[in-house]
Protein chains: 2
Amino acid sequence: MANRFVRKLSGFSKLTPVEIAALERETAHPRKFAARQDLIREGDRPGPVFVVLDGWAFRYKILPSGTRQITAFLMPGDACDLHIGMLAEMDHSIQTATQARVATIARADMDRLLNDHRGIAQAMYVSQLTDEGTLRAWITSMGRRTSIERVAHLICELYARAHGIGLVDDTEFSLPLSQIILADALGMTPVHINRVLKELRLAGAMTLSRGSVLILDPGKLVQIAGFDENYLHRRLREPS
Amino acid sequence: MANRFVRKLSGFSKLTPVEIAALERETAHPRKFAARQDLIREGDRPGPVFVVLDGWAFRYKILPSGTRQITAFLMPGDACDLHIGMLAEMDHSIQTATQARVATIARADMDRLLNDHRGIAQAMYVSQLTDEGTLRAWITSMGRRTSIERVAHLICELYARAHGIGLVDDTEFSLPLSQIILADALGMTPVHINRVLKELRLAGAMTLSRGSVLILDPGKLVQIAGFDENYLHRRLREPS
DNA sequence: CGAGGGGTTGATGGGTTTCAATGGACGTGG
DNA sequence: CCACGTCCATTGAAACCCATCAACCCCTCG
């Protein structure tokens with residue numbers, strides 16, 4: 001059974017058995033990290049590419065005032081930027097949210113993967129465009145959606161992404177993130193997140209408890225969020 | 001004299017005369033667009049890569065309610081994503097803000113540029129990482145900065161970017177964007193943008209009038225914004 | 001000269017933050 | 001096995017930032 005990374009990339013491009021084997025070879029020796037550990041910090045000189053195989057992590061920035069803004073969640077299968085090694089320094093930090101298994105791919109190995117395997121390159125580039133689309137969707141949420149719409153939209157996104165890598169059990173999936181982390185991702189206070197979650201529960205749309213989301217009414221949740229999954233680019237382009 | 005696109009890429013990687021010539025050849029025949037014209041719309045099938053040589057454009061998304069969120073500004077020298085042609089459909093729209101000259105590079109030509117010229121590939125990848133860093137900076141602004149900090153931060157960013165392509169005249173630069181456009185970029189209302197600009201003017205930090213920004217007190221503006229330009233990646237990585 | 005787009009200012013209301021307090025869940029050590 | 005500390009979830013009350021509504025001005029352009 002392929003690991004989550006292979007599974008995710010397979011969703012973006014048809015991979016040959018040789019390509020799958022190459023990816024699994026490069027991620028065969030992950031390292032274990034405890035929760036709340038920085039993989040890399042803003043200002044650090046970038047090293048190898050990180051690939052999260054199990055557990056959750058997030059990208060974040062700290063402001064002069066000390067407040068934190070989370071800019072992305074990394075779930076199993078997600079990787080940081082391919083060309084990270086070209087930069088002089090990181091412009092953000094990455095931290096584990098839970099215990100996690102993380103593989104690293106050295107710059108030279110990454111270049112070889114991209115050059116030798118057309119399918120891998122294609123999948124990774126689409127994956128990168130999806131990450132950018134997600135950043136744009138987050139900006140749109142923060143700028144123009146109300147707090148309840150924002151929360152609903154994030155849950156829809158995480159559900160769709162978890163579904164893509166086989167992490168969803170019917171209408172339920174594991175979301176081991178505290179309300180404090182959700183607040184820092186959505187630009188809200190933990191207090192208000194709590195009230196909004198209560199509202200979504202009372203509306204019969206969804207519940208979040210003990211680290212797991214239960215979707216009660218998918219249609220209602222999507223409608224509240226105004227969710228359109230096109231930015232996740234799960235549909236492959238057909239040859240013209 | 002090299003065009004703005006070449007000038008911008010030169011800031012990210014040392015380009016050989018051959019590479020510069022190749023870039024100029026590919027962008028030698030720009031097309032003129034009037035203001036307020038969509039270059040491409042959400043849902044469209046992507047075509048060639050766009051390169052803005054003169055004038056301003058922006059990426060945006062429209063929500064179900066009809067409100068607009070701008071997710072990025074394209075100033076002279078900026079391009080849309082390199083691998084846009086791999087996607088089945090666009091997840092956002094791009095529109096000119098002013099009259100503009102825009103070149104297009106076909107997918108095959110772009111692949112050739114990237115494969116044949118190491119310097120061009122490097123510059124474009126760093127440029128892409130910069131775009132992503134900018135998206136993260138915007139998320140951070142929208143989530144955790146007050147309205148005056150947000151406005152100041154955006155102006156700092158645009159100043160720095162304009163400076164990089166030689167568009168700044170000492171402490172002044174052209175910013176042909178209406179307060180309505182700024183509002184849709186910053187997740188605020190035009191009314192409130194207006195009040196914040198007044199506040200920045202009264203504080204002696206900057207003024208914006210008749211399409212041009214005048215920085216009165218750079219230190220004060222940077223301090224209000226909490227601006228750190230590291231995410232623009234203007235410092236090249238030194239060999240290890 | 002009228003129409004339309006953009007900039008400016010005032011008054012009002014509401015969505016979120018802030019401050020504060022309580023209780024539950026969990027792990028650790030006595 | 002229970003006491004204790006810590007982290008997190010939850011709820012209430014009050015303050016505030018910003019959106020909303022509305023009016024008026026200026027400028028440009030057909």
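The structure displayed is predicted, hence computed values, not measured ones. Order of the sequence lines sets the chain letters (A, B, ...), proteins ahead of strands, with each chain counted from 1.
Residues I180(A) and T146(B) each lie close to DNA chain D; by heavy-atom proximity, the contact nearer the 5' end of the strand is made by I180(A).
Put simply, K198(B) has no side-chain N or O that comes within less than 4.0 Å of OP1 or OP2 on dT8(C). The shortest distance between the side-chain N/O atoms of R36(B) and the OP1/OP2 oxygens of dG6(C) is below 4.0 Å. For dA9(D), neither phosphate oxygen OP1 nor OP2 lies less than 4.0 angstrom from any side-chain nitrogen or oxygen of N194(A). When the side-chain nitrogen and oxygen atoms of T189(B) are compared with OP1 and OP2 of dC18(D), none of them lie within a distance under 4.0 Å.
G211(A) comes within 4.0 angstrom of no nucleic acid atom, judged by non-hydrogen atoms across all strands.
You'll find the side chain of F173(A) reaches within 4.5 Å of the side chain of L158(A), heavy atoms only. Side-chain atoms of Q95(B) and R36(B), non-hydrogen and from C-beta on, do get closer than 4.5 Å to each other.
Separating the CD1 atom in I180(A) from the OG1 atom in T189(A) is a distance of 11.0 Å, to the nearest 0.5 Å.
Here dT10(D) is the nucleotide among dT10(D), dG6(C), dT16(C) with the atom lying nearest to any side-chain atom of Q179(A). Comparing dT9(C), dT17(C), dA9(D) against the side chain of S178(A) picks out dA9(D) as the nearest.
In this structure, CG of L202(B) is placed 12 Å from P of dT8(C), rounded to the nearest angstrom. One atom, CG of L177(B), and another, P of dG7(C), lie 10 Å apart when rounded to the nearest Å. Between the NE2 atom of H192(B) and the P atom of dA11(C) there is a distance of 17 Å, given to the nearest Å. dC7(D) atom C1' lies 15 Å from atom CG of D184(A), rounded to whole Å. Rounded to an integer number of Å, the gap from R150(B) CZ to dA19(D) C1' is 12 Å. Nucleotide dT17(C) holds its P atom 6 Å from the CE atom of M188(A), rounded to whole Å. Following rounding to the nearest Å, R201(B) (CZ) and dT9(C) (P) show an atom-to-atom distance of 7 Å. When the P atom of dC17(D) is taken as reference, atom CD of E149(B) falls 12 Å away, rounded to whole Å.
Remark: side-chain polar atoms of T171(B) are not paired, donor with acceptor, to backbone N or O of L214(B) under 3.5 angstrom.
Interface remark: the R195(A) side chain does form a donor-acceptor pair with the dG12(D) base, using a distance-only criterion of under 3.5 Å.
Using bins of under 30°, 30° to 60° and over 60° for the plane-to-plane angle, the ring pair F227(A)/Y231(A) lands in the perpendicular bin.
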